[in-house]
Amino acid sequence: MLATANFLVPNATVLVEIGVFAAVLGIVARFVLPHLRAAMDRRQEEIRSSIETARRAEQLLAAAEAEYHAKLTDARRQAGAIIGAGRSISDHLETEARQRAKEEHDRIVARAQWDIDRVLAVANDQLRQEAARLEVNARPSLDLSGAPSWR
Amino acid sequence: MNTQTLAAAGRIDIGVHDTITLGGATFNTDTIAASLVAGIVVIGLGLYVRLRTTSGVPHRAQLLFETLVSATERQVERTIGPTGRRIVPLAITLFVFILIANWLELIPSGSPKALPSPTGDINLTVALAGFVILLVHGASLRARGVRGYLHHYLRPSPWLLPINLIEEIAKPITLALRLFGNVFAGTVMATLILELFPPHLAPLPLLAWKLFAMFVAVVQAFLFALLSVLYFETALKPDGGPPPGGDPDDDRAPAGGPAVARARDEMPAHTVPTPTER
């Protein structure tokens with residue numbers, strides 16, 4: 001059953017409703033959205049500044065890394081030089097030690113040879129004298145014509 | 001129609017409002033009360049968001065509003081430019097207010113008439129559409145001047161004056177009737193379900209219908225706000241446009257679908273400066 005007045009025809013309620021909506025719009029536009037907009041802008045700004053900070057930190061990191069690599073290369077170079085110098089010193093010392101050892105060896109060998117020669121000479125002399133003494137002692141009592149002579 | 005349907009039809013009253021008459025003017029008190037409730041809910045929601053607004057991690061209500069704000073801003077800035085920012089509060093308030101108003105009726109209250117959707121009364125939708133269209137024409141007047149505004153009705157050819165006039169008249173009417181029709185039909189459907197189904201069977205179809213109506217409510221609120229923005233776009237954007245023949249500047253589509261599609265198609269065209277600036 002339809003209402004007595006046609007419900008498709010607006011009545012004075014329209015005016016009230018315009019007022020209601022205008023009031024809602026006014027409050028939302030005046031008190032809510034600017035606040036929200038400011039918060040969004042602030043967040044945007046915070047994000048921007050933290051991105052900026054991150055970029056600066058990245059640059060610092062890159063610089064520090066470059067410095068680290070430069071120092072590392074330098075240290076490697078220095079270490080190489082030190083090792084080289086040490087090796088040459090050790091080579092030198094080794095050669096010297098070898099030289100000294102050889103000299104000592106030669107000296108000891110020469111000394112030993114000299115001792116051996118001397119002992120041999122003394123032994124020869126003694127043997128010769130012993131032989132001579134034996135020969136003198138044996139000559140009167142023994143005919144040694146058939147025996148092999150010492151000489 | 002069987003007898004039950006007829007009996008039900010006899011019991012269903014549609015379009016009936018509680019009224020008072022003051023000085024010969026009739027006021028629908030139920031609609032006014034419901035729209036006040038919707039308005040208070042919107043304002044309360046807004047003030048709640050304002051109280052808890054943070055530039056840190058936003059809570060849900062703030063996130064919802066922020067999403068609305070940034071989506072609307074993107075839409076208007078792409079087509080109107082920075083001056084379009086002025087209409088963002090209007091679009092957002094329209095969307096939220098209409099959405100809450102549409103949803104009011106879906107709150108289980110025993111009867112569709114306990115807290116009716118004020119958007120189911122043509123008075124509210126006419127008020128909203130009229131409000132928007134007045135602002136649109138005002139903005140157009142301000143942007144183009146009186147001469148430019150009047151000349152706009154003769155574009156692209158003076159022969160099209162009647163069509164342009166019809167279009168401008170159709171805009172608020174379609175805007176108001178589309179919203180009213182959808183919500184009103186929802187109310188009628190809910191009433192019919194309650195009347196036609198036996199009481200122990202009614203809840204199931206009623207639930208299904210209300211779920212669908214919730215979705216329709218969102219679509220209608222969105223459509224109203226979007227169309228309002230589009231009307232502002234046609235009113236505010238520069239009047240130049242491409243040379244005669246293919247003039248996409250003229251918005252001759254009165255209703256939702258074509259206008260939306262047209263606006264989408266137009267978007268790239270307005271990112272390049274128009275050669276014939278008036």
Side-chain angles (χ1 to χ4, degrees), chain A residues 1-69 71, chain B residues 9-17 19 21-29 31-32 35-36 38-40 42-43 45-47 49-51 53-58 62 65-66 69-70 73 88-90 92-94 96-97 118 121-128 130-131 134 176-177 180 184:
Chain A
M1 189 175 291
L2 287 180
T4 43
N6 190 347
F7 64 89
L8 284 174
V9 178
N11 56 26
T13 315
V14 169
L15 303 174
V16 182
E17 297 298 351
I18 287 182
V20 170
F21 181 72
V24 173
L25 173 63
I27 290 171
V28 170
R30 179 109 182 252
F31 296 110
V32 179
L33 293 180
H35 205 69
L36 198 68
R37 183 72 255 173
M40 288 166 77
D41 288 344
R42 222 164 32 240
R43 183 178 318 125
Q44 211 67 33
E45 179 58 31
E46 274 165 20
I47 290 170
R48 207 192 53 72
S49 77
S50 36
I51 287 174
E52 183 63 31
T53 312
R55 201 166 31 225
R56 256 206 310 277
E58 211 162 82
Q59 283 169 356
L60 281 177
L61 179 68
E65 227 157 54
E67 200 186 328
Y68 160 73
H69 280 302
K71 284 205 165 139
Chain B
R11 269 180 282 135
I12 295 172
D13 295 326
I14 53 172
V16 175
H17 294 282
T19 59
T21 310
L22 291 175
T26 311
F27 297 94
N28 297 349
T29 48
T31 306
I32 292 172
S35 62
L36 281 175
I40 288 167
V42 173
I43 292 171
L45 200 63
L47 293 182
V49 167
R50 182 200 152 99
L51 268 181
T53 296
T54 165
S55 60
V57 182
Q62 185 185 347
F65 269 83
E66 283 191 11
V69 169
S70 48
E73 279 179 354
V88 170
L90 175 67
I92 289 169
T93 312
L94 274 175
V96 179
F97 181 71
D121 183 341
I122 196 154
N123 285 293
L124 177 58
T125 62
V126 163
L128 292 177
F131 189 85
L134 280 181
L177 285 181
F180 163 73
F184 182 72

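All chains are named by letter (A, B, ...) in the order of the sequence lines, taking the proteins before the strands, and each is independently numbered beginning at 1.
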Hey, could you give me the [atom1]/[atom2] distance between [X] and [Y], rounded to the nearest 0.5 Å?
X	Y	atom1	atom2	value
B:F27	A:E17	CZ	CD	11.0 Å
B:E66	A:L33	CD	CG	11.0 Å
B:I32	A:L15	CD1	CG	9.5 Å
A:N11	B:T31	CG	OG1	8.0 Å
B:T53	A:R43	OG1	CZ	9.5 Å

Taking every heavy-atom pair that is under 4.5 Å apart, which of A:M40, A:Q44, A:R42 has the most such pairs with chain B?
->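 Most pairs with chain B among the choices: A:M40.
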
Which pair of non-hydrogen atoms, one from B:F131 and one from A:I18, has the smallest distance, and what is that distance?
-> CD1-CG2, 3.9 Å

Give the minimum heavy-atom separation between A:P10 and B:V126, together with the two atoms involved.
-> CG-CG2, 3.9 Å

Chain A shares the most heavy-atom pairs under 4.5 Å, among B:L94, B:V96, B:V88, with B:L94

Pair up each side-chain donor or acceptor in residues 19-32 of chain A with any protein partner under 3.5 Å, not counting sequence neighbours, and list the distances.
none

